[in-house]
Structure formats: C-alpha cells, structure tokens
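Keep in mind the model is a prediction, meaning the values are calculated, not measured. By convention in this document, chain letters (A, B, ...) are assigned in the order of the sequence lines, proteins followed by strands, and residues within each chain are numbered from 1.
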Amino acid sequence: MNDFILDDIGALLKDAVDASEDVIKRNIELPKVKEHGDFAFPAFFLAKIMRMPPPKIAQEILSKIEDLLPFGSIESAEVAGPYLNLKISPQILSKKLLAEIFDQGQKFSSSDEGRGRNLTIDLSSPNIAKPFHVGHLRSTVVGSCLYRLFEKLGYNCIGINHLGDWGTQFGKLIVAYKKFGTEKLFEKEPIFALLDLYIRFHKEAKDDSSLEDQARGEFKKLERGDPEATEIWKTFYQYSLEEYKRIYGILNATIDEYTGESFYNDKMEDALKLLEQKRLTQISQDALIVDLEEYGLGAALLKKSDEATLYLTRDLAAILYRKETFDFAKMLYVVGSAQALHFKQLFKIVELLGFNWHESCHHVEFGWIKFGKEMMSTREGNIVFLNDVINRAKELAKEIILEKNPDIEDVDKAALYIGVGAVIYADLAVRRNHDINFSWEDALNFDGNTGPYLQYTHARLASLERKFGKEIISDIDFSLLKEPEEKQLMLTLYRFPQKLKLAAEEYEPAVICGYLYELSQNLNSFYQKHRVITDDTTLTNARMLLMRCVRIVMSEGLKILGLEPMERM
RNA sequence: GCCCCCGUAGCUCAUCUGGACAGAGCAUCUGCCUUCUAAGCAGAGGGUAGCAGGUUCGAGUCCUGCCGGGGGUACCA
C-alpha cells in the first residue's frame, strides 16, 4: 500500500513550505496525545532557512494552505505553537484503507521487494545430545519470525540449523555409552538419557582421569570414520533430531536444512586452500591464523597448533558453501551477541577474499537469557528446559480455559497454542539487544502485554464474526465510522505495512509485538465502549467491515510471530 | 588493559532513530459482567531516565568522562 496520507500531506504543504516534498514527508511525526491531531509537522528546522521563529512559520504555513482544506485525506489543520497539527478525515481513511485490507486479505502489506531473491537464516543451532532449554529459544523464535517476515516481503527464505553435532563432547558420550549404556537406555526420553550419560561421564572423570583420554580417542576414531563410533554417533544424532523436530513443530520453527557442523568436515580444506591462494593466512605460535589486527579484530584462528579446526573454520566453509548453493541476497546469523567478534572476523575474511557479498551478511545478535541472576548453563545446573516451560504453560492455560470456556472443542490443543504463545511472545517482545531474565511468573502470565492477550483479541473478533453469521461486505456507508475509537483503530491499521518494513530493516520482532499490542488495546477499548451488532444494519455492516480488517491484520501479525490466531479460547 | 552491549516507576519493558507534559504491563488500590468472550475495559498512586559535563532552539535518545552490571579479547562454541 502506498502511504496515501503522507502523500497528501506532502502535496498539500509543498507550495507552502521552503523545502522539498521529500524533506517535508521525512519530518512528519505522530503526536503522542490526540489533542495534537493525527499527524504533525514541526516547523523548527525551517527557522534558519526562513529566518522566523517556528510558531510564526507554522502560522504562515497554515494561512497558505487554509483555503485548500479539506485536501485529500486531510480534514483540517491547526497551529499549536511551533507545530502544524493535521487531522485526517475518518471517512476518506476508512474508504481507502478498509477496502484495500478487505480486498487483499492475507496479502495485505505483502510486498515483492524480495521477489526472486534468496535469504538464508542461520537459526536455533542447539548442541546435539543436550535437551533444548530456554537459552536456545531466542535464536529459534527470532530466526523463525524473521523468516516469516521476509517471506511476506517476497523473499524466498531458507532456514538453516547449524547443529552442534561435532566435537570432543561426542567422544565423551561414546565412552559413557559404552561403559554405562543399557538396552533400555533410549526407551523413553532419549535426550535426557543422553544428558544423564554426559553428566555421568563428568562425575566419573573426576576420579578417573583416563576417561578424558579415552574420549579424545573415541572422537579421533569418529573423525577417521570408524564404523562403530559412527554408528553410535548416528544414533545420538537421530534421537536428538527427533526431539528437536518435535519442539520445532510446537514452536512453529522454520527450518529447511539440518546441515550441522559435521556437514562441513570435508569442506574446510577447500576453504583453507582458497585463503592460502589469496595469501591471507600465516602461521603464528604454531597455529594457522588470519591476521586482522589492522582492522581491530585481532587474530582469527583457523587451525590449532595440533592441526584441529575451529568453529570459525567451519563457519567459513559454511558461508562459502551457502553462497554457492543458495546464492543468497541476504544471509542472517541469528546468534547471541557473545559471538559478535567471531562474525566480524568471518565477514572480514570474506571481504578480504574479494567477495563483495560480505555486505549482505548480518549478525542478528541478541542478549542472554538469564535465570535468576545467573547465566544459564548446563554445567551450573541452573537450567530451565523448554519442555518444562511449555508443559507448565500448557497446564495453566488448560485450567483457565476450562474455567472460562468449558465447552471448547479441543482443550489440549487450545491450551498448547496459548501456553506456547505466552512463551514465544515473552521472548520476542523484548528488543534483541537486551538480556532477558527468565522468570516463571512472566512466562506463565497471560494478562496484559502477553501473547495470550493478542490471541484473546483475535478470538473475540472471530467470535463476533460467528455471531454475525452473514457475509461481510465492503460496500458500506463509510461516514458511519466516526467514533474516535474507530478512527484510532484505522490509524493504527494504516501503519501495519510501515511497521513490518521497520521490523525487517532492524531485524527486530519486538517492533511487531509492540504494534500488535497497540492494535489489541485499540480494539478492546473500542469493543468495550461500542456495540458492533445492533438492529441498525447499515451501522452493523460498517463496523463488521472494520472488525474484519482488524482481524486480518491481527491474524497476519500473529502468524508472523509464530502464534496461533485463536478462533476460540 | 583494550573493545562491544546494557542502566528509564517496586518489578518487566516501550519511547516511532533529536521534538509537545517520558508511556505500557505486572504488582497494589477503586469502579464495570441479565447485552457481541471480564485472558477485558475505565480510573488512582508510583519518575531528578545511573552520575557529571558538552553539542543543540530542543537530549532518555548524539559526544566526552566517571560509576554499576554483562559479554568479548589465540588454540571452547
């Protein structure tokens, strides 16, 4: 949708203001209080050019445009100090906006800016053989949200799970498996059986230092392709993947490729050769490095003194492979901010290799998830498993549903959607660069600024349509939508495409959360104060159209976040 | 030591990239369900935006310094 309001403002002011239409549009603001109108044009920046105090400028502009009003979607204008405040005509707004949303339906605010372009997203990436905990959640849900967001903007997205499926930890697991494993080990919750093996290994290794050596030995065997070790590793891999896929199903995670670290075992040598050809590498302290000191990025280690490769080596192989395989227009790494330097090094090396596409690679970083005052870590034991969070959220949701809506068809399904909605939303609603303090209280809260609140708003709208039971039409009397709450709803709807664009530019799901929350507040305020379905059929038709449009936007927004737009709850 | 991020109501967070009196939710308190879902709505209290300077007509937002928290800084990922 084009910004018809902004266009109207630009056209209206362009002859009255000493600035280009573009500059005018860029300076337009949204007033914080409704007494200041719907859009505002501040005159400060013209003070120097026109050599007049801002209030006088505002006054002058008003006198020049006064005769033109109403102008397009602009109903009236008035001066408040240094501001020119503009009011939008609800009738024209509704006519243009609602018709467009209604006609386009789910396609509303889609765009084709990404048409024919591939966008790869590195997301989730848990370490195999460890249960999924809330620390893994952010990469998964942020990555998935961006996936769906960019898909809406026309990109062809590819979600890649860079599984931590290689390394000495597997040597440890193999040793533990051989020593303590039983036939029944994987009968139920295999992933926790693996965790137990891992913990058991470390316990035993305290008393028996030879275990560490054995682990290194087993991993070497694995690297050489030893059939027995490979077989055991594959078992671990399969069980882990099964569990992850179950969780991804619940979280609406968007993963297309499961190319973990092991996938790049045979691709690192070519990458290193390429670096050597470009004479970028050198030996320092017996290790193979790329010296990035002059860029303030230190030394990038590619091979340890014992010839072993590092995760940078694998990421380098991966980025080259992905460029070749997917020819991405953009590559997003949704990985915690602890790895900021790592990605700066990686992208710099790509640049030094002479590839200009280094600019299309972005590290979408995010803060830690803390539990209590501590970082969450497997070793410390202060860990919250995602499974437990989801189960508790689901149980609580079920209790509440049975209390409020006992006749609902599939309680368990609804409870899962709501519980998961709360968990996902809590993670997405905080801006990425902030750390999150995980608290059970917040994760299990369904009131206020939460996922369930948004879902509830959608459920109310769905319920309204069921009750209405007739076809919603766009041929309505637009002049009837004149209540302030209705206008507010429409002004908010109008901003949806802009918000999606902003969220995409900043790789920031929290922008969408904030928007949908505001839309929900607008809707609920309206809903409380006005009746939609009444004896007045023309008014009912008009309001039902508005309600449908809100539902379309709510539904689309929720889906992008990965929440189920509930029909009943 | 050096580099990066964070510091806003008791708590959790917003503040549309520098604009009008800093806004929400949770918690506390007061109202509102014989009418479309009360997981809601309306309202009250709660603030020196870590501190100190600077730039600007204007700073929570930009710059400098300090304080506090976190992360990174060559053989973990």
Query raised in the report: Could A/Lys172 and A/Phe201 be counted as a cation-pi pair, given that NZ or CZ must be under 6.0 Å from the ring centre and within 45° of the axis?
Result: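 So A/Lys172 doesn't make the cation-pi contact.
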What does [X] touch in the nucleic acid at a heavy-atom separation under 4.0 angstrom: a base, only the sugar-phosphate, or nothing?
X: A/Leu464; result: base
X: A/Ile418; result: base
X: A/Ala426; result: nothing
X: A/Arg314; result: sugar-phosphate
X: A/Arg431; result: sugar-phosphate
X: A/Glu518; result: nothing
X: A/Ser337; result: nothing
X: A/Glu567; result: base

**Report entry** For B/rU28, glycosidic torsion class - syn if within 90° of 0, otherwise anti
**Finding:**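 B/rU28: anti glycosidic orientation.
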Query raised in the report: If anything within 90° of 0 is syn and all else is anti, what is B/rC33?
Result: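 What B/rC33 shows is a syn base, its glycosidic angle lying within 90° of 0.
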Report task. Using a 4.0 Å heavy-atom cut-off, write out nucleotides 23-29 of chain B from 5' to 3' as B (base contacted by protein), S (sugar-phosphate only) or - (no contact). Result -> -SSS---
Roughly how many Å is it from [atom1] in [X] to [atom2] in [N], rounded to a whole number?
X: A/Trp368; N: B/rC4; atom1: CH2; atom2: P; result: 19 Å
X: A/Asp38; N: B/rA20; atom1: CG; atom2: P; result: 17 Å
X: A/Arg432; N: B/rG70; atom1: CZ; atom2: P; result: 23 Å
X: A/His36; N: B/rC21; atom1: NE2; atom2: P; result: 8 Å
X: A/Phe468; N: B/rU37; atom1: CZ; atom2: C1'; result: 19 Å
X: A/Leu523; N: B/rG40; atom1: CG; atom2: P; result: 13 Å
X: A/Leu30; N: B/rA14; atom1: CG; atom2: P; result: 19 Å
X: A/Leu297; N: B/rU73; atom1: CG; atom2: P; result: 13 Å

Between [options], which nucleotide gets closest to the side-chain atoms of [X]?
X: A/Ser525; options: B/rA42, B/rU37, B/rC36; answer: B/rA42
X: A/Ala338; options: B/rA20, B/rG71, B/rA42; answer: B/rG71
X: A/Leu310; options: B/rG40, B/rA77, B/rA74; answer: B/rA77
X: A/Asn433; options: B/rA20, B/rC5, B/rG70; answer: B/rC5
X: A/Lys467; options: B/rC36, B/rU37, B/rG40; answer: B/rC36
X: A/Val430; options: B/rA20, B/rC57, B/rA14; answer: B/rA14
X: A/Ile289; options: B/rU37, B/rC57, B/rA74; answer: B/rA74
X: A/Asn437; options: B/rU12, B/rA74, B/rC36; answer: B/rU12
X: A/Phe44; options: B/rU73, B/rA20, B/rC57; answer: B/rC57

Distance criterion of 3.5 Å, no angle test: do you see the side chain of [X] paired donor-to-acceptor with the base of [N]?
X: A/Asn85; N: B/rA20; value: yes
X: A/Ser284; N: B/rA74; value: yes
X: A/Glu506; N: B/rU17; value: yes

Query raised in the report: Looking at A/Lys348 and A/Glu293, does any basic side-chain N land under 4.0 Å from a carboxylate oxygen?
Result: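 No, this pair does not count.
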Query raised in the report: In terms of side-chain geometry, is the basic nitrogen of A/Lys25 or A/Asp3 positioned less than 4.0 Å from the acidic oxygen of its partner?
Result: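 The answer is no: the pair does not qualify as a salt bridge.
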Euclidean distance for [atom1], [N] against [M] (whole angstrom):
N: B/rA24; M: B/rC41; atom1: C1'; result: 15 Å
N: B/rC4; M: B/rG40; atom1: P; result: 43 Å
N: B/rG23; M: B/rG45; atom1: P; result: 13 Å
N: B/rA49; M: B/rU8; atom1: C1'; result: 4 Å
N: B/rG1; M: B/rA20; atom1: C1'; result: 46 Å
N: B/rA22; M: B/rC13; atom1: C1'; result: 14 Å

Requested in this report: Report the relative orientation of the aromatic rings in A/His362 and A/Tyr507; use parallel for angles under 30°, tilted for 30 to 60°, perpendicular for over 60°.
Outcome: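 A/His362 vs A/Tyr507 ring planes: tilted.
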Query raised in the report: Under 30°, 30 to 60°, or over 60°: which ring-plane class applies to A/His202 and A/Tyr198, parallel, tilted or perpendicular?
Result: perpendicular
Counter-base of [N], judged by Watson-Crick or G-U geometry with both distances under 3.5 Å:
N: B/rU8; result: none
N: B/rG23; result: B/rC13
N: B/rG40; result: B/rC32
N: B/rC76; result: none
N: B/rU56; result: none

Decide whether [X] and [Y] meet the rule of one side-chain donor and one side-chain acceptor closer than 3.5 Å.
X: A/Asn265; Y: A/Arg314; answer: no
X: A/Thr457; Y: A/Asn524; answer: yes
X: A/His530; Y: A/Glu485; answer: yes

Report task. Map A/Ser463 and A/Leu502 onto RNA chain B by nearest heavy atom, then report which one ends up closer to the 5' terminus. Result -> A/Leu502
Query - A/Tyr453 or A/His530, whichever maps to the more 5' nucleotide of RNA chain B - result: A/His530
Query raised in the report: Does the side chain of A/His434 get closer than 4.0 angstrom to OP1 or OP2 of B/rA14 through an N or O atom?
Result: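 Yes, because at least one side-chain N or O of A/His434 sits under 4.0 Å from OP1 or OP2 of B/rA14.
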Requested in this report: Please check if atom CD in A/Glu471 has more than 12 non-hydrogen atoms from other residues, nucleotides or ligands closer than 6.0 Å.
Outcome: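 Counting neighbours around CD of A/Glu471, 12 or fewer heavy atoms of other residues, nucleotides or ligands fall under 6.0 Å, so no.
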